[in-house]
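Contents: one structure, followed by commentary.
Below, chains carry the letters A, B, ... as their sequence lines are ordered, and counting in each starts from 1.
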2 protein chains.
Amino acid sequence: METPSHTLDSTFAALADPTRRAILARLSSGEATLTELAEPFEMTLPAVSKHLKVLERAGLVSRSRVAQSRPCRLEAAPLREAAGWVVQYRRFWEGSFDRLDDYLQDVRRGEDAGGEGW
Amino acid sequence: METPSHTLDSTFAALADPTRRAILARLSSGEATLTELAEPFEMTLPAVSKHLKVLERAGLVSRSRVAQSRPCRLEAAPLREAAGWVVQYRRFWEGSFDRLDDYLQDVRRGEDAGGEGW
């Protein structure tokens with residue numbers, strides 16, 4: 001596989017936390033400052049900042065060096081690598097459900113929710 | 001999202017290790033015993049067994065209770081959930097490819113017009 005192992009390691013590790021996934025979901029609708037990101041969580045700023053650092057180290061989030069608020073931005077390249085890895089196994093879940101239509105309908109529902117399917 | 005958070009947590013955490021991903025890759029070509037799974041790795045059986053337990057707890061691997069060798073089998077449902085989550089972000093990496101496409105087309109147009117590309 002072309003993707004360096006350590007990249008997938010850090011991507012999957014970063015995604016293994018609901019707060020970090022929620023931060024990425026928030027950033028998918030636009031840039032946000034740390035304070036804005038922290039709002040929906042019952043967490044201190046330092047706690048959210050710690051999660052943000054994990055996402056930054058994994059290359060999933062970048063922060064502007066310009067503005068004082070240093071807005072955060074979603075970086076999707078590692079997600080693409082992760083998707084590439086997981087999708088290698090698609091024939092298994094298609095086989096196990098044995099209903100490709102169900103899967104495609106799920107993807108379409110994802111499209112309606114703002115994604116674009118495969 | 002319908003997927004319980006803890007499922008995605010344990011799936012992504014299980015995938016954040018190259019040995020565990022290699023075990024899943026091996027199992028994608030058929031069932032295998034612990035001994036067979038351990039062969040390609042320079043690891044002790046207990047070390048591989050530990051990784052296997054993480055995969056089992058995440059629902060990514062099941063083990064037969066019948067045969068004494070307890071062959072392991074890939075279970076793809078959690079991978080499907082993981083793919084479903086990651087694919088929500090596809091428009092972001094496709095966006096960056098679209099921009100790359102535009103750029104390459106511009107370069108090609110430059111060549112057609114008698115320029116020299118770069």
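A/W85 and A/F12 have perpendicular rings, their planes meeting at more than 60° on a 0 to 90° scale where under 30° would count as parallel.
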Please output the side-chain donor-acceptor pairs of residues 44-53 of chain B that fall under 3.5 Å, not counting sequence neighbours, one pair per line with the distance.
{"unit_1": "B/T44", "atom_1": "OG1", "unit_2": "B/A47", "atom_2": "N", "d": "3.2"}
{"unit_1": "B/S49", "atom_1": "OG", "unit_2": "B/K53", "atom_2": "NZ", "d": "3.4"}
{"unit_1": "B/H51", "atom_1": "ND1", "unit_2": "B/R20", "atom_2": "NH1", "d": "3.2"}

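Scanning both residues, A/L15 and A/R21, for their nearest heavy atoms gives O-NH1, 2.7 Å. Closest approach of A/G59 and A/P78 over heavy atoms only: O-CG, 3.4 Å.
Rounded to the nearest 0.5 Å, atoms CG (A/L79) and CZ (B/F92) are 9.5 Å apart.
Counting non-hydrogen atoms of other residues, nucleotides and ligands closer than 6.0 Å to CZ of B/R70 gives a total above 12.
For residues 24-41 of chain B, a heavy-atom distance under 4.5 Å to chain A picks out B/L24, B/A25, B/S28, given by residue number.
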